[in-house]
Each structure stands twice: as C-alpha cells, then as structure tokens.
Asker: 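Have a look at this one before I ask anything.
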Amino acid sequence: MSTAALFPVDREEPVPARPLPAFRVGEVLVHHAEERDIPAIVALNNMYAPDGLTLMRSEVFVTAHLQDYQVVRAPDGSILGQVALDEYTPSLVEIVSLAVAPDQQGHGLGQCLITAAEHLARERGHHEVFAISLAEALFLRMGFMLTSIEIYPEKIARYRTISRSELSIGRKFCFTKKLR
C-alpha cells in the first residue's frame with residue numbers, strides 16, 4: 001500500500017506567494033503592499049478620515065483587501081503614500097484610500113500612486129476607474145473627467161451600507177476615466 005493511501009491528503013498546502021515586483025513610475029517605486037505594511041496603511045489612511053478625505057479603515061479591512069493596496073516606501077521601509085482599488089464589476093473599479101504622508105505632499109506621489117492604480121486596474125482587466133475626492137486639480141491633471149456619482153449606483157448602494165451621511169459627499173467630486 002502506498003503512503004498516499006495510508007495518509008490521505010485532504011488538501012494541498014498553499015504554494016507560497018512570490019512577492020510581486022515593484023512598479024516604477026518615473027523615479028518612484030510603487031510596491032504591492034505586504035502584511036508588514038498593514039498598521040502603517042491603517043494609520044496613514046485614518047489620519048485623513050476625520051476630515052472626510054478617506055473612509056475609516058480597520059486592520060481587518062486592510063488585511064482582507066491587502067492584494068488591492070499599493071504603497072510607496074521610504075528607504076527605511078516606512079510608508080510615504082498608498083492607494084487601493086475597490087472592485088465593483090469585472091470592468092469597473094474605484095480608486096480608494098489614496099493618501100500621502102503630510103511631509104511628502106507636493107512631490108508628485110499622488111500622481112505616481114494614481115498611475116500605479118490605473119496600471120493594476122488594466123492588469124486586472126478593468127475598463128473604467130472612478131474616484132470620489134476633493135483633489136479636483138490632481139484628478140483632472142491625470143486625465144479624469146468630472147462626472148456625477150449618480151452614474152455609479154453601485155457606489156451609492158455601497159455608501160448606504162457604510163453610512164447614509166457618506167451619500168452627501170458635499171465638497172467631494174466624482175471623477176471617471178476609461179482605461180485602454
């Protein structure tokens with residue numbers, strides 16, 4: 001009798017994931033987030049939540065969506081900026097959790113992160129990306145078009161599950177971009 005018959009295997013052990021390569025945007029390397037980044041991602045994201053610039057994120061949320069986060073790291077490994085994708089349909093994705101450390105703003109990291117998010121969206125086969133943000137000049141500079149949140153009933157439905165107050169986006173703008 002073979003050892004396989006004596007010791008049946010219910011499932012195969014998962015193959016260890018290889019780290020994904022960094023994506024270069026100009027001189028900036030954008031990395032796929034790793035488990036070690038989770039506390040820093042949560043802290044940077046939630047720094048902007050009280051002002052309504054981001055939605056609060058927990059470590060549980062970031063862990064569950066870690067494959068959707070990309071980060072820019074300092075030489076010491078600290079997170080300088082981050083962005084994530086939130087999928088709605090196979091063709092539609094939202095840019096979320098875009099945040100740059102206060103002392104790093106104005107150096108083009110936001111543009112690099114948006115470019116990296118678009119790159120990841122294309123790799124995953126999405127044809128359209130949208131964002132809800134106050135950064136009107138940034139998104140328009142990046143080739144996005146100003147639109148209405150009303151064209152994204154999926155987003156409205158998701159806001160309703162989070163908080164009705166999120167539906168009144170007030171000063172925030174909705175931007176869209178078709179990916180080629």
Side-chain angles (χ1 to χ4, degrees), residues 14-15 17-26 28-35 37-38 41-42 44-45 48-49 52-73 79-100 108-163 166-167 169 172-180:
V15 176
R18 282 186 252 144
L20 296 169
F23 177 73
R24 184 173 292 283
V25 181
V28 176
L29 281 179
V30 181
H31 302 268
H32 291 276
E34 300 172 8
E35 280 188 50
D37 300 322
I38 293 170
I41 289 170
V42 171
L44 180 58
N45 181 86
Y48 296 104
L53 301 174
T54 59
L55 294 177
M56 289 293 288
R57 300 292 187 208
S58 67
E59 286 195 9
V60 170
F61 177 89
V62 174
T63 300
H65 299 277
L66 192 59
Q67 73 279 358
D68 301 318
Y69 277 87
Q70 296 175 292
V71 299
V72 173
R73 290 191 186 95
I79 304 297
L80 303 177
Q82 66 191 40
V83 68
L85 294 177
D86 191 5
E87 183 178 295
Y88 284 80
T89 68
S91 64
L92 178 65
V93 68
E94 180 183 10
I95 292 176
V96 297
S97 298
L98 177 63
V100 174
L109 289 183
Q111 288 180 226
C112 291
L113 289 161
I114 291 170
T115 299
E118 290 177 20
H119 178 78
L120 182 59
R122 281 186 193 93
E123 280 185 349
R124 292 180 175 179
H126 300 292
H127 302 291
E128 182 178 358
V129 62
F130 76 98
I132 307 292
S133 177
L134 289 172
E136 182 178 20
L138 173 62
F139 280 95
L140 293 176
R141 189 169 54 247
M142 298 294 299
F144 284 74
M145 302 292 294
L146 191 58
T147 190
S148 168
I149 193 173
E150 300 299 325
I151 69 168
Y152 298 111
E154 307 95 327
K155 177 65 175 179
I156 293 171
R158 224 176 257 181
Y159 267 158
R160 284 191 181 119
T161 65
I162 297 168
S163 165
E166 290 297 332
L167 282 172
I169 61 175
K172 291 183 183 177
F173 302 96
C174 184
F175 304 93
T176 187
K177 186 174 187 179
K178 300 288 184 191
L179 302 175
R180 295 171 203 177

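This chain uses plain numbering: 1 for the first residue, then up along the sequence.
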Asker: Taking all atoms of both residues into account, what is the closest heavy-atom pair of Ile41 and Ala33, and its distance?
Answerer: CD1-CB, 3.7 Å
Asker: Which atom pair, heavy atoms only, marks the closest approach of Ala116 to Val30?
Answerer: CB-CG1, 3.6 Å
Asker: CD of Glu35: more than 12 outside heavy atoms within 6.0 angstrom?
Answerer: no
Asker: Kindly indicate whether the side chain of Ile95, heavy atoms from C-beta on, has any atom under 4.5 Å from the side chain of Phe144.
Answerer: yes
Asker: Quick one: closest heavy-atom pair of Ala99 and Leu44, and the distance?
Answerer: O-CD2, 3.7 Å
Asker: Is the shortest heavy-atom distance from the side chain of Leu53 to the side chain of Leu134 under 4.5 Å?
Answerer: yes
Asker: Return the minimal non-hydrogen interatomic distance between Ala131 and Glu94, and the atom names on each side.
Answerer: CA-CG, 4.4 Å
Asker: What pairs with His119 under ring-ring contact (aromatic ring centres under 6.0 Å, His included), at least two apart in sequence or on another chain?
Answerer: Phe23
Asker: Could you pull out all residues at least two apart from Thr89 that satisfy side chain to side chain contact (heavy atoms under 4.5 Å, CB included)?
Answerer: Ser91, Leu92, Glu154
Asker: Determine the minimum heavy-atom distance between Glu34 and Leu66, stating which atoms define it.
Answerer: C-CD2, 3.7 Å
Asker: Please report the interatomic distance CG(Asn45) to CE(Met56), rounded to the nearest 0.5 Å.
Answerer: 8.0 Å
Asker: Looking at Gln82, Arg73, Gln70, which one forms a side-chain hydrogen bond (donor to acceptor under 3.5 Å, both in side chains) with Asp37?
Answerer: Arg73
Asker: Return the set of residues passing side chain to side chain contact (heavy atoms under 4.5 Å, CB included) with Thr63 (not counting sequence neighbours), or none when no residue passes.
Answerer: Ile38
Asker: Got a sec, which residues hit side chain to side chain contact (heavy atoms under 4.5 Å, CB included) with Gln111, two or more places apart in sequence or on another chain?
Answerer: Leu138, Arg141, Met142
Asker: To the nearest 0.5 Å, what is the distance between OG (Ser133) and CD1 (Ile114)?
Answerer: 7.5 Å
Asker: Who passes salt bridge (charged side-chain N to carboxylate O under 4.0 Å, His left out) against Arg24, sequence neighbours left out?
Answerer: none
Asker: Between Phe139 and Phe175, what is the ring plane arrangement, given parallel below 30°, perpendicular above 60°, and tilted in between?
Answerer: parallel
Asker: Run the ring-centre check on His65 versus Phe61 and record whether the distance is less than 6.0 Å.
Answerer: yes
Asker: To the nearest 0.5 Å, what is the distance between NZ (Lys178) and NE2 (His127)?
Answerer: 10.0 Å
Asker: Verify, without hydrogens or angle tests, whether Ser97 (side chain) and Ala84 (backbone) share a donor-acceptor contact under 3.5 angstrom.
Answerer: no
Asker: Looking at Leu113, Leu109, Thr115, which hits side chain to side chain contact (heavy atoms under 4.5 Å, CB included) with Val28?
Answerer: Leu109
Asker: For the pair Tyr48 (side chain) and Val100 (backbone), establish whether a donor and an acceptor sit closer than 3.5 Å, ignoring hydrogens and angles.
Answerer: yes
Asker: Testing the basics here: between Leu29 and Ala22, what is the closest heavy-atom pair and its distance to 0.1 Å?
Answerer: CD2-CB, 4.0 Å
Asker: Please list, chain by chain and in numerical order, all residues satisfying side chain to side chain donor-acceptor pair (under 3.5 Å) with Glu87, sequence neighbours excluded.
Answerer: His126
Asker: Between the side chains of Asp86 and Lys155, is the shortest nitrogen-to-carboxylate-oxygen separation below 4.0 Å, so that they form an ion pair?
Answerer: no
Asker: Check the angle between the aromatic planes of Phe130 and Tyr152 and answer parallel, tilted or perpendicular using the 30° and 60° thresholds.
Answerer: parallel
